[in-house]
Structure formats: C-alpha cells, structure tokens
Amino acid sequence: MLSQWHWQVAPTSIRAPLLDCAHCPSAKENSTLEQLNRRLEAAIESALLSAQKAGDLPQFEIPRIPVSPPKRAGQGDWAYPAMGLARLARKSPLDIARLIVDRLPTLDFAGKIEIAPPGFINCTIADDYLRKQIDAMLTGCQDFFQLDIGVGKRAQVEFVSANPSGPITIGHTRNAVVGDALARLLEAAGYAVQREYYYNNAGNQMIILGKSLQLRYLQQLGEDVPLPDDHYQGEYLVDVARDLAEKHGESLRNAGWQRFRDEAERVMFAWIKRSLAAINIQHDAFFNETSLFESGQIWSVLEAMRENGHIYQATHWEGADADEIADVTAKGYEPATWFRSSKFGDEKDRVMVKSDGVPTYTLPDIAYHRDKLERGFDIAVNVLGTDHFSQAQVVRHGIRALGMDPAPIDVIFLQMVRAVRWNKRLGDFEAVKQSKRAGDFDTLDDLVAMTSADAVRYHMLARSPNSQLDFDVDQVVKQSNENPVYYIQNAYVRCAGIFREAAGRGFDDDDADLTLLTESELRFVRKALELGNVIEQAVTQYEPQKIAFFAHELAGVFHPIYDEVRVLHSEVPAETAKARLRFYRACKSIFRYLLELMGMSAPERM
RNA sequence: GCCUCUGUAGCUCAGCGGACAGAGCACCGGUCUUCUAAACCGAUGGUCGCAGGUUCGAGUCCUGCCAGGGGCACCA
C-alpha cells in the first residue's frame with residue numbers, strides 16, 4: 001500500500017528528507033530552561049524521597065507538581081508551590097518547603113533558593129550560568145534551542161487544502177499561516193516534517209468550475225451564453241478564458257468541459273502556489289482526491305468497512321424517525337450505501353455512496369486518512385476550519401471502522417476569520433465586503449498588497465485557533481508601535497544597526513569579558529531562555545500562536561534595555577562596550593531565529 | 001434541539017489550579033547634542049458574562065443559565 005502514493009513533490013530543497021533521519025539532530029545535552037525546570041522538579045522529588053526515607057515525612061506517593069515561572073519579579077525564575085503537599089504530608093507548607101530545600105541536591109544552574117509564604121520555593125538562576133548561555137546561544141539558536149522530543153520522528157502537517165477552484169481567501173490564509181508555523185515549530189522540536197496539501201478535484205465542484213470556464217471562453221468568442229447562478233461568478237475566470245482565447249483562438253469551441261476543468265485546475269493551482277510563496281509557504285507534497293479513485297483505494301476502503309460489518313444499503317439510515325423517512329420518501333431516492341457511524345458515537349449514519357453510484361466526499365476522505373496512517377507518521381496534524389468539525393469526526397469514526405487507530409491524527413480547528421475595518425459612523429468594526437471593488441479585499445493577494453507578507457503572517461498567527469479573528473486591515477497597515485510586527489522586527493533592526501556602526505569604527509567583541517554585563521542584560525537572557533519551553537508547549541499543545549506572543553514579549557524586554565545599555569558611546573569603557581556588543585550579538589541571533597520560526601523576514605534596516 | 005468555540009481594562013487580546021489579574025493600543029504627562037523615536041519613561045483604567053459547586057487555594061476545573069460565532073445534506 002505504501003507504493004500507492006500519489007503526490008507531486010514540490011520543487012523545494014530546504015526540507016529535511018522524509019524517510020531518512022540519519023542526519024536529524026541527535027539527542028544531545030542542551031542547556032535550555034526546558035531542561036532546567038525538569039532538573040529542578042527531579043531534584044525536588046529526590047529531596048522529598050530522601051525526607052521520607054529519613055522519616056521526616058510520612059510515606060505517600062509524590063504528586064507531580066510542576067515548577068512554573070512566577071508572575072512577579074523578585075520571586076525567582078522557577079517557583080514550586082509546596083502547598084500542594086500539605087495534606088499528604090500533614091505538615092505546614094512552609095515546613096515542607098524547608099525540608100525540601102535542606103535536602104535539595106546541588107544544581108549547577110541554581111543561584112538563590114528562597115522560601116516564601118504561603119509555601120513557595122523560589123529558585124533563581126545563577127548569573128554566571130546566564131552569562132555562559134550568551135556564548136552558547138551564539139553557536140546558533142537552531143542548535144541551542146533544539147529540543148529532543150521529535151528527534152527521529154516524522155510528522156506531517158496537512159494544511160491549506162483549498163480546492164483549486166479560485167484564489168486563496170482570507171480563511172485559507174489563516175490556515176496556511178498556522179499550518180506552516182506549526183511545521184516550523186515541529187522542525188525546531190526535532191521532527192522531520194512533511195507539509196502536505198490535499199485537494200478535492202473529483203467532485204461536482206470541479207465539474208462546475210470547468211463548465212464555468214467553458215462558458216466564459218465561449219463568451220470570449222462572442223457567443224451569447226449566460227452563466228447560471230450556481231456556476232462560478234468570479235471575474236478571475238474571465239481572465240483565464242481571455243488567455244485561452246488568445247492562445248487557442250476558436251479551436252476549443254467544441255472541446256468538452258473536461259478540457260476546461262483541467263485548464264482551470266492548472267491555472268488555479270499555479271495561482272495558489274504563487275500566492276502562498278509570497279508569504280513564504282511551500283508544500284512538499286500535493287495529494288489529490290482523483291488519485292484515490294484511480295488507484296481503487298476508495299473501493300478497498302469501502303470493502304474493508306463492509307467486511308467489518310459497518311456498511312449497509314438502504315433508502316434511509318437505520319435510526320431515522322418518521323419525519324426523516326417521510327422526507328426521504330418524498331425525494332424518491334433509490335437505496336444508497338450507508339456507513340453505520342452511529343455505532344461509533346455519531347449522531348446519525350452517513351452516506352458513503354449516493355444512490356446514483358457516486359461516492360460522497362466522505363469516502364475518499366476516509367481513504368485519504370487511511371493512506372496517511374499507512375505512511376507511518378508519528379503524528380499527522382490536520383489544520384481545518386471549524387466548519388469541518390463534523391466531517392472530521394466522521395472520518396475518525398471511519399478509521400475506527402477500518403480497525404485502525406486514529407491516534408496519530410490530530411486536528412487544529414480554526415475559528416472563522418474575516419477582514420474588518422473601523423467604521424467611524426457606526427462606531428464599530430465592519431466586515432470588509434466580499435466584492436472586488438477597489439479597497440476591498442478578500443484574497444491573500446489583496447491582503448499582501450495592502451499590508452505586507454510579514455504583517456499577514458504575524459497577525460494571522462497571533463491568535464488562539466479557538467478564537468475568531470478579525471483582521472483589522474487598517475491597523476495592520478499602520479507602521480507604528482500599534483503594530484507588533486514592526487515592534488518585533490525593530491528589535492532585530494536595532495541590533496543590526498549596532499553592528500553596522502561597530503564595523504564602521506573597526507570595533508569588535510573579541511575577548512569580551514561577560515562579567516561586565518549587569519542585571520539589565522541578564523534579564524533579557526533569562527527571558528530568552530524561556531524559548532525552549534515555549535516551543536515545547538507550542539508543539540505538544542498545538543498552539544503555534546505562543547511563539548508570536550513570546551516574540552512580542554521578548555521585544556518588550558529588549559527595547560528598554562537597548563535604550564539604556566549603550567555600546568558605542570563616549571562614556572562607555574572599551575571593555576564594557578565589548579561585553580555589550582557580545583550581548584547584542586546574542587540578541588540579534590535570537591530575534592533572527594524567532595522571525596524565522598514565524599516565517600517572517602529579518603530586515604537589516606527599516 | 002444537539003455538538004462546538006468565545007465572553008477578562010474604553011478597544012484588541014495574554015493569562016500552566018497558586019503569590020497583589022497582565023500586555024499593547026486609545027487617552028493624559030514627559031524624553032531625540034549619544035549606535036536609539038516603527039523607541040523609551042510615567043499616570044489613569046477591572047464585580048475576569050451570571051449563579052452554584054469542587055479545592056488549603058478558581059479568571060483557570062465541574063454543573064446550570066445568559067449572550068455571540070460556527071457546524072449538524074444522497075454538497076464539497
């Protein structure tokens with residue numbers, strides 16, 4: 001079955017090979033906070049065990065209480081709430097905290113360890129340790145922050161998956177940005193990632209698209225043929241028809257609609273790829289529905305489901321009530337092929353093959369996901385609009401009906417997105433109309449033209465998938481501190497500016513003495529070291545927006561320091577200046593990496 | 001009706017069962033002789049939709065309401 005893949009491989013060379021993980025980053029010791037919190041938790045657990053062994057604490061199973069960064073300054077970098085043990089240990093939280101701290105093994109990264117009421121253990125990272133991380137970071141953020149959770153594993157992200165019937169819309173754009181960001185984060189977590197695009201080209205929609213183009217073409221030839229209401233009305237098909245007429249003249253006058261469908265698919269796909277490339281997105285593989293028909297996979301899936309006893313022929317589903325039966329009878333349907341999905345928790349059964357013998361969308365969808373599972377990905381994430389929620393459930397039931405475990409497949413559901421602008425008269429936001437008149441936009445191309453690729457990527461990413469997103473086109477256009485895009489990029493630009501100036505003066509950071517750095521700079525390093533945790537959380541919880549929030553927070557730590565900590569200034573001693581230049585080298589490195597993780601550019605100037 | 005998402009400052013939104021609920025914007029007051037203004041400093045601003053419950057501890061978990069979005073095809 002593995003030999004029956006039907007994808008075109010996109011011309012991209014920068015991706016990791018899909019099957020060969022020989023050169024994947026190997027598990028290695030790294031020094032991010034991602035490990036520090038784990039090490040602190042382990043140390044606390046061993047302290048507790050030791051206290052139990054000595055009889056200072058009663059025997060109980062030690063619950064997992066994670067250490068977390070406190071909200072407030074002055075409470076250290078990691079806090080452990082010992083209150084959670086009070087009941088089990090039958091001691092006051094402060095006493096327990098004392099017992100733990102007294103027995104805590106030595107930790108090279110730990111500086112001050114304090115106990116605070118009502119029972120927190122606050123651990124501060126030692127300054128020396130932070131200073132060492134600056135040089136470590138300079139060996140490359142990609143390596144420095146590389147997690148080991150995905151090493152040796154293969155992940156697939158299926159996203160966009162818009163049918164080639166028109167341009168990429170605002171909704172697809174959110175999907176594209178979130179999917180690609182997740183793919184980048186998975187790569188940062190060590191996975192070999194494949195970006196896949198699945199599209200339906202076998203169904204009725206593509207037939208109508210072909211017929212629509214055919215009519216547009218005939219109109220170009222001067223024929224007076226109307227375009228029915230249920231056909232594609234978009235102006236873009238007129239452009240395609242005009243090109244066809246120019247290239248082929250009248251030779252296609254008697255061609256079948258299939259010829260036009262193929263042409264439409266080809267042109268639309270070229271357009272879609274161009275649009276996505278403009279925001280720095282490329283898929284590795286394209287998988288089409290038609291291939292599932294040609295290979296016969298849809299029928300083998302149906303057979304397998306039938307053998308497992310989940311398929312039946314009927315005019316209506318088995319649990320239909322009187323109203324539904326009356327409804328179906330009125331329509332006069334012949335028997336169709338049903339999937340008994342209600343057995344798997346669905347609210348009703350679903351039609352797999354219509355009474356006219358044509359499969360519904362669901363059957364190839366199940367076949368596609370079976371194929372995906374058979375390709376052996378450790379995780380396969382599907383980015384879908386929330387309007388596909390029910391459909392995704394049915395596919396899941398279908399996979400179970402095949403006797404397969406759908407566990408590797410996860411879905412990120414994106415809530416709706418719309419472009420809005422402020423309407424002064426109404427005193428409220430107003431949806432941008434779905435028309436193509438000047439100033440209105442509803443496609444990715446329009447969005448990019450009016451703002452920028454970077455702005456589109458950031459604003460589409462910086463929102464929880466669970467939240468609806470109003471893309472405020474006026475705000476996104478603004479080049480001011482109202483716009484986080486420039487706030488973040490400016491951090492990189494400012495670093496780049498220092499190095500331009502330093503180079504001009506022949507000043508470098510060779511032999512920098514990092515002990516000359518003070519609390520301000522170390523505050524930045526502390527924050528920067530959280531990146532490992534952020535990537536881990538983004539990947540394991542499927543929350544790629546976390547990286548956007550973090551980038552903004554880190555820029556928020558950076559700018560005040562930049563304002564205060566100068567390098568090439570008459571009053572800064574040369575040795576101090578060297579140390580600071582080294583610090584800004586690390587800053588520049590991490591901002592470049594963050595922008596790369598978000599698929600944004602890192603401009604040298606703005 | 002059923003499923004699902006959302007409701008936190010005037011606006012847009014963060015917030016891992018933990019300490020006094022945070023940013024940005026807007027508004028108000030300051031800061032460009034320095035590598036620095038797409039920036040910085042300061043001030044104002046809150047019954048976390050409502051009501052119960054679990055917990056030593058709830059914006060966070062549970063139940064029920066209220067309000068808004070989306071989905072519940074022999075469409076894709």
Side-chain angles (χ1 to χ4, degrees), chain A residues 65-72 75 79-81 83-84 86-87 93 116-120 122 163 165 200 202-206 208 289 315-317 328 331 333-338 347-348 350-356 358-362 364-365 385-391 393 413-416 418 422 429 462-468 470 472 475 478-491 493-502 504-505 507 533 537 541 545-546 549 552-553 556 558-564 566-572 577 580-581 584 606:
Chain A
I65 303 176
V67 300
S68 57
K71 288 176 186 166
R72 219 161 286 281
Q75 295 173 338
Y80 179 84
M83 297 85 84
R87 176 182 292 254
F120 288 101
N122 293 328
N163 291 347
S165 56
N200 300 111
N204 209 28
Q205 294 304 315
M206 291 303 288
I208 293 174
E289 185 188 14
T315 52
H316 54 81
W317 78 286
V328 163
K331 287 177 181 164
Y333 283 134
E334 295 294 311
T337 305
W338 293 80
E347 57 189 8
K348 56 171 291 191
R350 310 283 170 171
V351 171
M352 292 288 105
V353 182
K354 294 185 277 182
S355 49
D356 63 4
V358 178
T360 60
Y361 166 86
T362 307
D365 212 5
T386 181
D387 52 333
H388 287 75
F389 183 83
S390 300
Q391 177 64 21
Q393 298 304 313
F413 289 106
L414 293 171
Q415 295 289 322
M416 300 276 99
R418 57 178 189 156
W422 185 256
F429 283 104
R463 187 65 37 96
S464 164
N466 289 336
S467 297
Q468 288 170 238
D470 281 348
D472 179 345
Q475 200 256 341
K478 281 187 192 162
Q479 299 195 350
S480 72
N481 51 6
E482 287 175 51
N483 198 333
V485 176
Y486 302 104
Y487 190 76
I488 296 164
Q489 285 182 322
N490 194 31
V493 167
R494 287 181 133 182
C495 293
I498 295 173
F499 284 96
R500 258 200 316 277
E501 181 67 21
R505 299 188 190 191
F507 189 81
N533 293 70
Q537 200 180 351
Q541 311 290 313
Q545 77 279 10
K546 300 270 183 195
F549 296 137
H552 192 248
E553 281 172 26
F558 173 83
H559 284 300
I561 294 170
Y562 177 82
D563 208 56
E564 163 202 351
R566 313 209 169 181
V567 182
L568 305 168
H569 185 282
S570 55
E571 289 174 21
V572 177
R580 290 179 176 179
L581 192 59
Y584 282 114
M606 289 200 305

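Numbers restart at 1 for each chain; the letters A, B, ... are given by sequence-line order, proteins then strands.
Judged by Watson-Crick or G-U wobble contacts below 3.5 Å, the nucleotide G59(B) has no partner. Base pairing of G7(B) is made with C66(B), judged by Watson-Crick or G-U wobble geometry with both donor-acceptor distances under 3.5 Å. Pair assignment for C72(B) gives G1(B), based on Watson-Crick or G-U wobble hydrogen-bonding distances that are each under 3.5 Å. With a cut-off of 3.5 Å on both pairing distances, G17(B) has no Watson-Crick or G-U wobble partner at all. Nucleotide A39(B): paired with U31(B) (Watson-Crick or G-U wobble, both distances less than 3.5 Å).
Distance F558(A) CZ to C41(B) C1': 17 Å, rounded to the nearest Å. Between the CG atom of D563(A) and the C1' atom of A37(B) there is a distance of 9 Å, given to the nearest Å. In this structure, NZ of K348(A) is placed 17 Å from P of G71(B), rounded to the nearest angstrom. Atom pair W338(A):CH2 and A73(B):P shows a separation of 10 Å (rounding to whole Å applied). M352(A) places its CE atom 11 Å from the P atom of A76(B), with the value rounded to the nearest Å. In this structure, CD of Q489(A) is placed 12 Å from P of A39(B), rounded to the nearest angstrom. Rounded to an integer number of Å, the gap from Q415(A) CD to G68(B) C1' is 12 Å. For the pair R418(A) CZ and U12(B) P, the interatomic distance rounds to 10 Å; values are reported in whole Å.
Residue contacts for E553(A): at a heavy-atom cut-off of 4.0 Å it reaches no nucleic acid atom on any strand shown. T337(A) comes within 4.0 angstrom of no nucleic acid atom, judged by non-hydrogen atoms across all strands. Nucleic acid contact class of R505(A) (heavy atoms, under 4.0 Å, all strands): sugar-phosphate only. As judged by a 4.0 angstrom heavy-atom cut-off over every strand, P465(A) is placed among residues making no nucleic acid contact. Counting non-hydrogen atoms under 4.0 angstrom, A336(A) reaches a base of the nucleic acid. No contact: Q393(A) has no heavy atom under 4.0 Å from any strand. Residue contacts for G119(A): at a heavy-atom cut-off of 4.0 Å it reaches no nucleic acid atom on any strand shown. Within 4.0 Å of Y562(A), counting heavy atoms only, lies at least one base atom of the nucleic acid.
Here K546(A) reaches the OP1 or OP2 of G15(B): one of its side-chain N or O atoms lies under 4.0 Å away. Applying the 4.0 Å criterion to OP1 and OP2 of C13(B), one finds that R463(A) has a side-chain N or O inside that range. For A14(B), neither phosphate oxygen OP1 nor OP2 lies less than 4.0 angstrom from any side-chain nitrogen or oxygen of K71(A). Here Y486(A) does not reach the OP1 or OP2 of A37(B): none of its side-chain N or O atoms lies under 4.0 Å away. Distances shorter than 4.0 Å separate none of the side-chain N or O atoms of N483(A) from OP1 or OP2 on A38(B).
Out of A39(B), A14(B), A38(B), the shortest distance to the side chain of F549(A) is found at A14(B). When the nucleotides A23(B), G18(B), G70(B) are ranked by their closest atom to the side chain of D387(A), G70(B) comes out on top. Minimum atom distance to the side chain of V351(A) is reached by C74(B), of the listed C74(B), G68(B), C40(B). Checked against U4(B), C74(B), A23(B), the side chain of S355(A) finds its nearest nucleotide in C74(B). Comparing C5(B), A76(B), C72(B) against the side chain of E347(A) picks out C72(B) as the nearest. The side chain of P81(A) has G18(B) as its nearest neighbour among G70(B), G18(B), C40(B). Here the nucleotide nearest the side chain of Q205(A), chosen from C74(B), C75(B), A19(B), is C75(B). The side chain of T386(A) has G70(B) as its nearest neighbour among G70(B), G24(B), U6(B). Here the side chain of A79(A) is nearest to one of A76(B), A37(B), A19(B), namely A19(B). Closest contact between the side chain of P69(A) and the listed nucleotides C16(B), C75(B), A38(B) involves C16(B).
A centroid separation of less than 6.0 Å is found between the aromatic rings of Y487(A) and H559(A). Between F413(A) and F389(A), a ring centre-to-centre spacing shorter than 6.0 Å is recorded.
Nucleotide C48(B) carries an anti base; the chi torsion (O4'-C1'-N9-C4 or O4'-C1'-N1-C2) is more than 90° from 0. A glycosidic torsion no more than 90° from 0 defines the syn conformation, and C32(B) adopts it.
Taking atom P on both G45(B) and A23(B), the two are 14 Å apart, rounded to the nearest angstrom. For the P atom pair drawn from C5(B) and G42(B), the interatomic distance equals 40 Å after rounding to whole Å. Across G22(B) and C16(B), the matching C1' atoms stand 15 Å from one another, rounded to whole Å. For the P atoms, the distance linking C74(B) with G59(B) amounts to 46 Å, nearest Å. Rounded to the nearest Å, the gap between the C1' atom of G17(B) and that of C61(B) is 8 Å. Taking the C1' atom of each, U8(B) and A14(B) are spaced 10 Å apart, rounded to whole Å.
The CZ atom of F499(A) sits 10.0 Å away from the OH atom of Y584(A) when rounded to the nearest 0.5 Å. Atom-to-atom distance recorded for L414(A):CG and T386(A):OG1 is 9.0 Å, nearest 0.5 angstrom. The NZ atom of K348(A) sits 11.0 Å away from the OG atom of S390(A) when rounded to the nearest 0.5 Å.
For N163(A) and Q205(A), the side-chain atoms include no donor-acceptor pair closer than 3.5 Å.
By the 4.5 Å heavy-atom criterion applied to side chains, M83(A) and P118(A) are counted as neighbours. Under the 4.5 Å side-chain criterion, counting only non-hydrogen atoms from C-beta, P465(A) is in contact with Q545(A).
Within 6.0 Å of atom CD in E571(A), 12 or fewer heavy atoms from other residues, nucleotides or ligands are found, so the atom counts as exposed in its surroundings.
Between F120(A) and A19(B), a base-stacking contact is recorded: ring centres under 5.5 Å apart, planes less than 30° from parallel. Taking a centre distance below 5.5 Å and an interplanar angle below 30 degrees as the stacking criterion, F413(A) does not stack against the six-membered base ring of C5(B).
Position along RNA chain B of the nearest nucleotide to V567(A) versus E289(A) favours V567(A) as the more 5'-ward residue. With RNA chain B read from its 5' end, the first of the two nearest nucleotides for I65(A) and H388(A) is the one closest to I65(A).
One can find a donor-acceptor pair under 3.5 Å joining the base of A19(B) and the side-chain atoms of N122(A).
Panel note: side chain D356(A), backbone V358(A); a donor-acceptor pair is recorded below 3.5 Å.
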